[in-house]
Amino acid sequence: MHDVNDAFSATRRTDPVTDTPEQTPDASLVTALPGGGSEVARRLVASAVESFARRGYHATTTRDISVGAGLSPAALYVHFPSKEAVLFEAGRNGHHHVLEEVESAAASSTDPIERIRAIVDRFVRIHAVHHTTCRVAQYELHALSEEHYREIAEIRRRTDAVVREVISSGVDSGAFRVGDVPTTALAILSLGIDVARWYRPGRVDVDDLARNYVDLALSMLGAPRN
């Protein structure tokens with residue numbers, strides 16, 4: 001039996017994921033969400049995402065985050081108890097957004113093929129359009145406290161459960177031919193997550209990317225692609 005953490009185990013790594021200075025992240029995924037706190041807190045989270053992407057979590061200081069948000073060096077502590085708390089806020093908001101999109105996609109149809117199309121399309125688009133924010137949320141999890149990691153792992157389990165349910169319903173209806181539902185869900189999620197690692201704007205059209213990943217997922221499921 002696979003645990004959902006298997007699908008994401010490769011993301012809890014110890015080496016920082018960094019962007020070059022030219023690759024400024026789109027932090028709107030975390031700053032636009034409710035729950036991000038005050039406007040100043042959202043600015044701090046956006047600055048943290050950019051700094052974590054450029055320098056890595058451990059090389060980033062609270063001063064880097066505060067100054068990057070246009071605030072005094074100690075301003076972070078007015079809104080967050082620690083640098084780790086800022087990382088957790090970014091990761092939690094990002095993961096909640098992904099879960100909400102996956103749940104919405106799954107609810108968009110009763111046809112298993114259309115449901116998996118919608119899920120993969122939205123999942124891939126999020127990890128491409130918000131590639132740097134997603135990359136920080138995925139690959140800096142090693143820096144979270146155990147309590148915070150468990151909370152995000154629970155969001156991941158819920159996301160995985162939606163995908164498994166859609167695949168299982170497709171197997172039951174005869175739309176999909178899959179022998180191992182957990183492993184197939186793991187593979188589909190892993191493909192989408194990896195987009196955040198390698199994607200750069202201009203490298204490939206997002207529409208083409210999403211369409212190709214939908215075709216890959218349907219092939220894995222033994223379903224017709226057209």
Side-chain angles (χ1 to χ4, degrees), residues 1-13 29-30 32-33 91-131 133-135 137-139 141 149-199 203-226:
M1 174 69 74
H2 293 280
D3 187 89
V4 66
N5 287 325
D6 293 342
F8 301 99
S9 61
T11 65
R12 194 164 195 189
R13 46 194 271 179
L29 180 61
V30 293
L33 292 173
R92 179 176 58 180
N93 282 344
H95 280 88
H96 266 303
H97 180 71
V98 170
L99 173 61
E100 289 168 359
E101 286 295 311
V102 168
E103 289 177 333
S104 175
S108 66
S109 175
T110 58
D111 180 350
I113 292 177
E114 293 307 313
R115 294 175 79 196
I116 207 70
R117 281 183 181 276
I119 287 171
V120 174
D121 181 86
R122 294 193 198 184
F123 197 75
V124 169
R125 287 178 186 276
I126 290 169
H127 284 81
V129 173
H130 303 288
H131 57 281
T133 303
C134 288
R135 192 156 65 253
Q138 296 290 349
Y139 293 111
L141 292 181
Y149 181 80
R150 284 195 299 270
E151 185 169 335
I152 288 181
E154 175 58 26
I155 303 171
R156 290 166 175 251
R157 275 189 287 271
R158 291 170 60 189
T159 302
D160 181 78
V162 174
V163 178
R164 290 192 190 191
E165 184 276 323
V166 172
I167 295 173
S168 293
S169 69
V171 171
D172 291 343
S173 71
F176 301 149
R177 296 189 299 275
V178 172
D180 186 337
V181 170
T183 297
T184 307
L186 180 156
I188 290 172
L189 287 170
S190 296
L191 280 172
I193 288 168
D194 200 50
V195 169
R197 179 185 60 81
W198 62 261
Y199 180 83
R203 182 171 181 177
V204 61
D205 180 77
V206 173
D207 291 337
D208 290 340
L209 180 66
R211 184 166 50 251
N212 288 337
Y213 272 61
V214 167
D215 286 347
L216 282 171
L218 292 175
S219 293
M220 292 166 62
L221 294 166
R225 291 181 290 174
N226 297 317

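Predicted model only: the values in this text are computed from it and were never measured. One is the number of the first residue; the rest follow in order along the sequence.
- Taking the side chain as every heavy atom from C-beta outward, Arg115 and Ser169 approach each other to under 4.5 Å.
- Rounding to the nearest 0.5 Å gives a distance of 9.5 Å between SG of Cys134 and CD1 of Ile193.
- Pairing each heavy atom of Pro112 with each of Val166, the nearest pair is O-CG1, 4.0 Å.
- The shortest distance between side-chain heavy atoms of Arg203 and Trp198 falls below 4.5 Å.
- Between Ile188 and Leu221, the closest side-chain pair of non-hydrogen atoms falls below 4.5 Å.
- Here the side chains of Phe176 and Thr184 are not in contact, with every heavy-atom distance at 4.5 Å or above.
- Among residues two or more places apart in sequence or in another chain, the side chain to side chain donor-acceptor pair (under 3.5 Å) test is passed with Asp205 by none.
- Here the shortest heavy-atom pairing between Asp194 and Tyr139 reads OD1-OH, 3.7 Å.
- Between Arg92 and Ile152, the closest heavy-atom pair is N-CD1, 3.8 Å.
- Annotation: the span from Glu100 atom CD to Thr159 atom OG1 amounts to 10.0 Å, rounded to 0.5 Å.
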Quiz item: Please walk me through it: do Asn212 and Val124 pass side-chain contact (heavy atoms from CB on, under 4.5 Å)?
Solution: CA-CA 10 Å; Asn212 288 337; Val124 169; over 6 Å; no
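- Using a 4.0 Å cut-off between charged nitrogen and carboxylate oxygen, Arg211 and Asp208 count as a salt-bridge pair.
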Practice problem: Apply side-chain contact (heavy atoms from CB on, under 4.5 Å) to the pair Ile116 and Met220, showing each step before the final yes or no. | Solution: CA-CA 11 Å; Ile116 207 70; Met220 292 166 62; over 6 Å; no
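- Residues Val195 and His131 fail the side-chain proximity criterion, which asks for heavy atoms closer than 4.5 Å.
- Taking Asp111 as the reference, nothing meets the side chain to side chain donor-acceptor pair (under 3.5 Å) condition, with sequence neighbours excluded.
- Across every non-hydrogen atom of Ile113 and Ala175, the tightest pair is CG1-CB, 4.2 Å.
- Atom NE2 of His95 and atom CD of Glu154 lie 12.5 Å apart (nearest 0.5 Å).
- A salt bridge links Arg164 to Asp160: at least one charged side-chain nitrogen sits closer than 4.0 Å to a carboxylate oxygen.
- Partners of Ser104 under the side chain to side chain donor-acceptor pair (under 3.5 Å) rule, at least two apart in sequence or in another chain, are Arg122.
- His127 is listed as a side-chain neighbour of Gln138, based on a closest heavy-atom distance under 4.5 Å.
- Between Arg125 and Asp207 there is a side-chain heavy-atom pair separated by less than 4.5 Å.
- Across Val120 and Ala217, no two heavy atoms sit closer than the pair CG2-CB, 3.8 Å.
- The side-chain heavy atoms of Phe123 and Leu189, taken from C-beta on, include a pair separated by under 4.5 Å.
- Of the inter-residue distances, the one linking Ile126 atom CD1 with Thr133 atom OG1 reads 11.5 Å to the nearest 0.5 angstrom.
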